Amino acid sequence: MAIPICDIRWLLLAAAVAFIFIQMRLFATQSEYADRVAAAVEAENHCTNQMRLLIDQISMQQGRIVALEDEKKRRDEECGQLKALVKDLERRGLERLVDKVQVPVAAVVIMACNRANYLERTINSVFKYQGSVASKYPLFVSQDGSNPQVKSKALSYDKLTYMQHLDFEPVHADNPGELTAYYKIARHYKWALDNLFYKHNFSRVIILEDDMEIAPDFFDYFEAAADLLDKDKSIMAVSSWNDNGQKQFVHDPYVLYRSDFFPGLGWMLTRTTWDELSPKWPKAYPCCYFSLFFFSLGSSLGQFFQQYLAPIKLNDVPVDWKSRDLSYLIKDNYEKYFAEIVKKATPVHGENVVLKAHDIEGDVRIEYKDQSHFEIIARQFGIFNEWKDGIPRTAYKGVVVFRYQTPRRIFLVGPDSLRQLGIKDP
């Protein structure tokens, strides 16, 4: 059947309209897609730019971090240097502060009376070695009486403290004919020590006569000895004097001995000991005649000086006492140590002990029977033969030790000495 032409036209028109509509929708879709793609590209480009910017920023930050690390290292180094400098300054400041508030080891007092020239010599001897340790050992001069030359000489030094003891109380000797000087000296010593311990509040005091010189190791010795005094309460005092210190009787500057005999020269004691001694200090001080170290006066005293004091050897070997082990001087240790060296000495008996000792190599032990026998032997060797209160000078447990011409030691042993030392006599 034939289709009418009008119907075909309507169909073609409808198809054309449909095609156009489809094309329009397709175009619209393509345009929308293109816009989205463009937006996506733009977003990608923006993201890329941001990424590059971020990378640049990161690179810049890394550079800054490296620079900051270098700066930190530099500042750490500077800080370390500053800390070291501060510590050094603090140390120096502390040292200066310690110097200013240094607790003294001991006061040093020179006991004077009426000899200005001898006082000057002693003061200069002390100042020769005191300079570097002045804060540890403040110096005092205590004058007994009113001698104007002595007072003027003491006051001429600005690095010492002057004290004056004026005692107008009459002296009444206990025994007829006894020297009143002994009593005056005893009063002066008590007055001076009471002042130094109780007024100036020192814990230790070193006493020097006004006619003594000190050795180079004097202050180092007493600082080491102060530790011994603190540790061993059986030690009443420490002395730098050896009654048998004549040059022919000494050899080893490093050896120290305990003694039951108080030497009374160049000695140090503690406040604790003085607390005990002060209330019962003797009326008369018996060691005054030992103030003869620089001079001789009269025939008998001159002979005494020439024989016993003039040959005294002033130690010229600087000993670092603080670095040495002095524990052997502690009472229990010393008794064992001393007993051992006495025990090893070769016994010598009979007459002519000096000659016999000279012919023996090594240490020698000579036993005396009593005081008179000791005095005979002592005179033969030339050492002090004096006793006080039943004790020979320098003795420990009745044993007097000295060197004789060589490093050989001579032990003069009392009748009861070996028993006291726990040595069985063979």
Side-chain angles (χ1 to χ4, degrees), residues 224-225 227-229 231-239 241-246 248-264 324-426:
D227 186 54
L228 279 176
L229 280 174
K231 290 180 179 177
D232 188 348
K233 301 305 179 183
S234 70
I235 301 176
M236 186 195 83
V238 173
S239 174
W241 177 262
N242 180 2
D243 285 319
N244 291 322
Q246 295 78 14
Q248 66 270 29
F249 300 133
V250 294
H251 175 75
D252 190 347
Y254 300 95
V255 173
L256 302 177
Y257 294 99
R258 289 179 71 113
S259 173
D260 298 321
F261 190 98
F262 178 58
R324 298 188 66 81
D325 181 10
L326 302 182
S327 60
Y328 72 95
L329 293 165
I330 299 296
K331 183 179 179 181
D332 292 342
N333 298 341
Y334 188 79
E335 289 183 356
K336 296 175 183 177
Y337 158 79
F338 193 68
E340 188 64 24
I341 60 175
V342 172
K343 182 179 179 180
K344 290 179 179 179
T346 302
V348 171
H349 305 282
E351 303 296 328
N352 300 318
V353 290
V354 176
L355 181 61
K356 292 178 180 178
H358 181 75
D359 293 336
I360 296 175
E361 292 186 4
D363 296 342
V364 173
R365 189 172 82 217
I366 302 170
E367 185 172 344
Y368 61 88
K369 301 174 183 178
D370 51 31
Q371 181 174 344
S372 60
H373 188 207
F374 172 86
E375 291 172 353
I376 293 171
I377 298 173
R379 280 194 293 269
Q380 290 176 359
F381 281 102
I383 65 169
F384 261 114
N385 59 16
E386 184 186 13
W387 285 44
K388 282 192 179 295
D389 298 324
I391 302 174
R393 285 190 175 274
T394 76
Y396 178 74
K397 306 292 186 184
V399 179
V400 173
V401 57
F402 58 94
R403 306 276 178 167
Y404 184 63
Q405 296 180 346
T406 68
R408 174 196 302 111
R409 284 175 293 202
I410 304 293
F411 297 94
L412 302 187
V413 181
D416 194 43
S417 297
L418 297 182
R419 184 194 64 79
Q420 292 185 56
L421 292 170
I423 301 173
K424 295 182 178 180
D425 195 10

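As the structure is a prediction and not an experimental result, all values here were calculated from the model.
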Is the side chain of [X] donor-acceptor paired with the backbone N or O of [Y] at a distance under 3.5 Å, no angle test?
| X | Y | answer |
| --- | --- | --- |
| Arg403 | Asp252 | no |
| Ser259 | Tyr396 | no |
| Asp232 | Ile330 | no |
| Asn385 | Ala378 | no |

Minimum heavy-atom distance [X]-[Y], with the two atoms named:
| X | Y | value |
| --- | --- | --- |
| Ile391 | Ala395 | CG2-CB, 4.1 Å |
| Trp241 | Pro263 | CD1-CB, 4.0 Å |
| Val401 | Tyr257 | CG1-CE2, 3.7 Å |
| His349 | Lys356 | O-NZ, 2.6 Å |

Quiz item: Does one side chain, of Ser234 or Arg258, offer a donor that lies under 3.5 Å from an acceptor on the other?
Solution: yes
Self-check item: Trace of the side chain to side chain contact (heavy atoms under 4.5 Å, CB included) decision for Asp227 with Leu326
Solution: CA-CA 9 Å; Asp227 186 54; Leu326 302 182; over 6 Å; no
Quiz item: Does the side chain to side chain contact (heavy atoms under 4.5 Å, CB included) test come out yes or no for Tyr328 and Leu256, once each step is laid out?
Solution: CA-CA 9 Å; Tyr328 72 95; Leu256 302 177; 3.7 Å; yes
Taking everything shown except [X] itself, do over 12 heavy atoms lie less than 6.0 Å from its [atom1]?
| X | atom1 | answer |
| --- | --- | --- |
| Lys343 | NZ | no |
| Lys233 | NZ | yes |
| His373 | NE2 | yes |

Contacts of [X] that satisfy side-chain contact (heavy atoms from CB on, under 4.5 Å) - sequence neighbours left out:
| X | value |
| --- | --- |
| Thr346 | Ile360 |
| Ser372 | Asp370 |
| Arg419 | Asp416 |

Exercise. Sort out for me which residue in Ile410, Asp359, Val353 forms a side-chain contact (heavy atoms from CB on, under 4.5 Å) with Val364.
Key: Ile410
Quiz item: So among Val400, Val354, Asn244, which one has a side-chain contact (heavy atoms from CB on, under 4.5 Å) with Phe381?
Solution: Val354
Self-check item: Stepwise side chain to side chain contact (heavy atoms under 4.5 Å, CB included) check, Phe261 with Asp243
Solution: CA-CA 10 Å; Phe261 190 98; Asp243 285 319; 4.2 Å; yes
Quiz prompt | Phe402/Asn242 under side chain to side chain contact (heavy atoms under 4.5 Å, CB included): CA gap, chis, key distance, verdict | solution = CA-CA 10 Å; Phe402 58 94; Asn242 180 2; over 6 Å; no
Exercise. Decide yes or no for Arg365 and Leu418: does some side-chain heavy atom of the first lie under 4.5 Å from some side-chain heavy atom of the second?
Key: yes
